[in-house]
Novice: 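Below are the structure tokens for one structure; questions will follow.
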Amino acid sequence: YVNWLPSLLANWDVTDSLKVRGAVTRALGRPDYDAIAPRSSYSEELGIGALNIGNPDLKARVSWNYDASIEWYPDELTLLSASVFYKDISDDLVGLSQQFSTAAEIEAFLASRGLSGAIDTADLTQLEVSTTVNAGASTLKGLELIAQTQFDRFLPEALAGIGVSATATFLDGETEVNGETLPLLNQAERTYALTLFYQNYGFDASLSYAYNDNFLTDVNLEDPMLNLNQGEFGRWDAKVTYAIRDNLKVFVEGVNLNNEPTTEFQGGREDWNTEHEYVGSTLYFGLSLGF
């Protein structure tokens with residue numbers, strides 16, 4: 001296929017410290033290989049079967065994107081900015097699920113997909129089927145706020161290089177699937193991030209906290225009480241890098257230091273928990289060499 005992806009960008013320096021930017025762009029998003037591959041995978045536990053079906057007929061999604069921002073640099077170490085954006089998406093990619101609970105329904109569905117005999121259904125009490133489809137129109141609009149500064153003006157030389165960065169993003173999106181309007185999948189309505197950093201004497205260190213609200217991941221059009229949401233998530237990360245030489249650095253990094261669990265819930269109700277998994281913290285040690 002051929003896609004036309006034009007873009008128009010504009011920058012206006014209102015003053016030396018105040019800048020306004022705008023953009024209109026066309027973007028393309030291809031489906032993941034797992035979603036488009038012409039294959040099926042199956043698992044079964046306690047009489048409940050889970051069938052994932054690839055969809056080779058998926059189209060790439062395309063969008064018109066409209067962005068505008070205003071940035072203020074009150075001094076050379078500080079940035080305050082606000083951005084608004086709107087995305088109009090065609091052929092969005094949406095994961096759908098269906099559930100069949102009688103032998104006749106299960107056999108009829110498998111036959112419609114050419115999978116008769118591929119699964120032993122004798123002991124099945126339920127079959128859950130997942131696939132990816134192209135939705136109708138989707139829209140996404142949002143606001144992003146950014147603040148960053150370093151405190152070199154107020155600190156002695158030994159502490160110069162300490163700074164802080166904060167971001168907040170607020171989203172509102174919806175997608176149309178088979179005539180029904182749903183929240184946009186895999187998009188948290190609120191995300192926040194806060195970072196304290198230090199950059200001096202060869203050290204580059206940071207301590208960060210990132211949070212995202214819960215968001216819809218899987219849709220069942222026949223029974224909304226079977227919809228799945230990824231739970232809210234907030235974790236602490238840290239990283240310290242030291243430059244031994246200009247091209248040689250060592251680092252240590254800690255991810256999810258607070259051991260925040262991964263959660264999932266069903267039917268839009270957080271008390272209907274379907275997953276609560278502690279993945280633990282991860283430490284990385286490394287050496288980087290530049291040429």
Novice: Any side-chain heavy atom of Trp236 within less than 4.5 Å of one from Leu207?
Specialist: yes
Novice: How long is the gap from CD on Glu76 to CD on Gln150, to the nearest 0.5 Å?
Specialist: 9.5 Å
Novice: Indicate yes or no: does Asp91 engage Arg61 in a salt bridge with an N to O separation below 4.0 Å.
Specialist: no
Novice: If we only count heavy atoms from C-beta on, is the Leu196 to Ile162 side-chain gap below 4.5 Å?
Specialist: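 In short, these two side chains touch, coming nearer than 4.5 Å.
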Novice: Look at the side-chain heavy atoms of Ile, Leu, Val, Met, Phe, Trp and Tyr, link any pair under 4.5 Å apart, and say whether Leu115 and Ile106 land in one connected group.
Specialist: yes
Novice: For the side chain of Asp120 and the backbone of Ala122, is there at least one donor-acceptor N/O pair under 3.5 Å apart?
Specialist: yes
Novice: Does a side chain donor of either Asn220 or Asn227 reach within less than 3.5 Å of an acceptor in the other side chain?
Specialist: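 The answer is no; no qualifying pair exists.
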Novice: Quick check against the 3.5 Å criterion: does Asn256 have a side-chain atom that pairs as donor or acceptor with the backbone of Gly280?
Specialist: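 Answer holds: yes.
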Novice: Would a distance-only check, ignoring hydrogens and angles, find a side-chain to backbone donor-acceptor pair under 3.5 Å from Asp152 to Gly161?
Specialist: yes
Novice: Do Phe285 and Val250 share a hydrophobic cluster, counting only Ile, Leu, Val, Met, Phe, Trp and Tyr and linking them when any side-chain heavy atoms are less than 4.5 Å apart?
Specialist: yes
Novice: Should the ring pair Tyr242 and Phe203 be called parallel, tilted or perpendicular, given that the plane angle runs from 0 to 90° and is split at 30 and 60?
Specialist: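 Aromatic pair Tyr242/Phe203 classed tilted.
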Novice: Supply the atom-to-atom distance Ser165 OG to Ile146 CD1, rounded to the nearest 0.5 angstrom.
Specialist: 7.5 Å
Novice: Group every Ile, Leu, Val, Met, Phe, Trp and Tyr by side-chain heavy-atom contacts under 4.5 Å, then state whether Leu80 and Phe197 land in the same group.
Specialist: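 No, Leu80 does not connect to Phe197 through the hydrophobic network.
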Novice: Which residues pass the ring pair (Phe, Tyr, Trp, His ring centres under 6.0 Å) test with Tyr278, sequence neighbours left out?
Specialist: His276
Novice: Answer yes when Asp237 and Arg235 have at least one side-chain N-carboxylate O distance shorter than 4.0 Å, and no when they do not.
Specialist: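 The answer is yes: the pair qualifies as a salt bridge.
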Novice: Evaluate the side-chain proximity of Val164 to Phe151: yes if any heavy-atom separation is below 4.5 Å, no if none is.
Specialist: yes
Novice: Determine yes or no for a side-chain-to-main-chain donor-acceptor pair under 3.5 angstrom, with Asn134 supplying the side chain and Leu93 the backbone.
Specialist: no
Novice: Looking only at non-hydrogen atoms, find the nearest pair between Ser138 and Asp92 and report the distance.
Specialist: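 Closest pair (atom of Ser138, atom of Asp92, distance): OG-OD2, 3.1 Å.
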Novice: Any side-chain heavy atom of Leu127 within less than 4.5 Å of one from Val129?
Specialist: yes
Novice: Specify the closest pair of heavy atoms between Asn65 and Ala27, including all atoms of both residues, with the distance to one decimal.
Specialist: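 Nearest heavy atoms, Asn65 then Ala27: ND2-CB, 3.4 Å.
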Novice: Would you say the side chains of Ser97 and Asp218 form a donor-acceptor pair under 3.5 Å?
Specialist: no
Novice: Let me confirm one number: the CG-CD1 distance from Leu124 to Ile119, rounded to the nearest 0.5 Å.
Specialist: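 So the gap between those two atoms works out to 7.0 Å.
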Novice: Quick one: pull up CG in Leu18 and OH in Tyr73 and give me the separation to the nearest 0.5 Å.
Specialist: 10.0 Å
Novice: Does Asn247 use its side chain to pair, donor to acceptor, with the backbone of Gly290 at less than 3.5 Å?
Specialist: yes
Novice: Answer with yes or no whether the hydrophobic clustering places Tyr211 together with Leu145; edges join I, L, V, M, F, W, Y residues whose side-chain heavy atoms lie under 4.5 Å apart.
Specialist: yes
Novice: Can you confirm whether Ser40 sits close enough to Leu51 that some side-chain heavy atom of one is under 4.5 Å from a side-chain heavy atom of the other?
Specialist: yes
Novice: Taking atom types as modelled and ignoring hydrogens, do the side chains of Gln187 and Glu189 form a donor-acceptor contact shorter than 3.5 angstrom?
Specialist: no
Novice: Angle class for the Phe170/Tyr192 ring planes (parallel below 30°, perpendicular above 60°, tilted otherwise)?
Specialist: perpendicular
Novice: Report yes or no: do Leu28 and Phe85 belong to one cluster of Ile/Leu/Val/Met/Phe/Trp/Tyr joined by side chain heavy-atom distances under 4.5 Å?
Specialist: no
Novice: Side chains of Thr217 and Asn186: does their closest heavy-atom pair fall under 4.5 Å?
Specialist: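 Of all side-chain heavy-atom pairs linking Asn186 with Thr217, at least one is under 4.5 Å.
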Novice: Apply side-chain contact (heavy atoms from CB on, under 4.5 Å) to residues Leu283 and Glu253 and explain how you reach the verdict.
Specialist: CA-CA 6 Å; Leu283 292 177; Glu253 181 178 7; over 6 Å; no
Novice: Would you sort out whether Leu110 and Thr121 count as a side-chain contact (heavy atoms from CB on, under 4.5 Å), showing the intermediate values?
Specialist: CA-CA 10 Å; Leu110 294 176; Thr121 61; 3.8 Å; yes
Novice: Without hydrogens or angle criteria, can the side chains of Thr274 and Glu264 be said to hold a donor-acceptor pair below 3.5 Å?
Specialist: yes
Novice: Does Glu105 reach the main-chain N or O of Ser101 with its side chain, forming a donor-acceptor pair under 3.5 Å?
Specialist: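 Between the backbone of Ser101 and the side chain of Glu105 there is a qualifying donor-acceptor contact (under 3.5 Å).
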Novice: Atom CG of residue position Asn3 - does it have more than 12 heavy atoms of other residues, nucleotides or ligands inside 6.0 Å?
Specialist: yes
Novice: Find out whether Trp72 and Ser81 are in side-chain contact, i.e. whether some heavy atom of one side chain is under 4.5 Å from a heavy atom of the other.
Specialist: no
Novice: Look at the side chain of Asp57 and the backbone N and O of Ile36, then say whether any donor-acceptor pair between them is shorter than 3.5 Å.
Specialist: no
Novice: For Leu9 and Thr25, run side-chain contact (heavy atoms from CB on, under 4.5 Å): C-alpha distance rounded to whole Å, both residues' side-chain angles, the deciding distance at 0.1 Å, then the answer.
Specialist: CA-CA 8 Å; Leu9 309 177; Thr25 59; 4.2 Å; yes
Novice: Going through the checks in order, is the side-chain contact (heavy atoms from CB on, under 4.5 Å) test met by Thr139 and Glu174?
Specialist: CA-CA 6 Å; Thr139 59; Glu174 60 182 31; 3.6 Å; yes
Novice: How long is the gap from CD1 on Ile53 to CG on Leu96, to the nearest 0.5 Å?
Specialist: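 One finds 12.0 Å between CD1 of Ile53 and CG of Leu96.
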Novice: Which atom pair, heavy atoms only, marks the closest approach of Leu228 to Leu216?
Specialist: O-CD1, 3.4 Å
Novice: Taking only Lys NZ, Arg NE, NH1 and NH2, and the carboxylate oxygens of Asp or Glu, determine whether Asp34 and Arg39 approach each other closer than 4.0 Å.
Specialist: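 Judged by the 4.0 Å cut-off on N to carboxylate O distance, Asp34 and Arg39 do form a salt bridge.
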Novice: Could you give the distance from CZ (Phe265) to CG (Asn273), rounded to the nearest 0.5 Å?
Specialist: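 Reported to 0.5 Å precision, the distance equals 9.0 Å.
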Novice: Between Asn55 (side chain only) and Val133 (backbone N and O only), is there a donor and an acceptor less than 3.5 Å apart?
Specialist: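 Checked: no pair found.
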Novice: Does atom CG of Asp246 have more than 12 heavy-atom neighbours, drawn from other residues, nucleotides or ligands, at distances under 6.0 Å?
Specialist: no
Novice: Which atom names give the shortest non-hydrogen contact between Ser206 and Thr195, and what distance separates them?
Specialist: CB-CG2, 4.0 Å
Novice: Which heavy atom in Ala60 sits nearest to a heavy atom in Pro31, and how many Å separate them?
Specialist: CA-CD, 4.0 Å
Novice: Under 6.0 Å from the ring centre and within 45 degrees of the ring axis: does the NZ or CZ of Lys87 meet both conditions for the six-membered ring of Tyr66?
Specialist: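 Because its charged atom misses either the 6.0 Å distance or the 45° angle limit, Lys87 does not stack over Tyr66.
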Novice: Identify the heavy atoms of Glu275 and Thr262 that sit nearest to each other, and give their distance.
Specialist: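 Closest heavy-atom pair between Glu275 and Thr262: OE2-CG2, 3.6 Å.
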Novice: Any non-hydrogen side-chain atom of Thr132 less than 4.5 Å from a side-chain atom of Leu58?
Specialist: yes
Novice: Under the salt bridge (charged side-chain N to carboxylate O under 4.0 Å, His left out) definition, can you give me all pairs with a residue in residues 11-33, not counting sequence neighbours?
Specialist: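 Found Asp13-Lys19, Arg21-Glu71.
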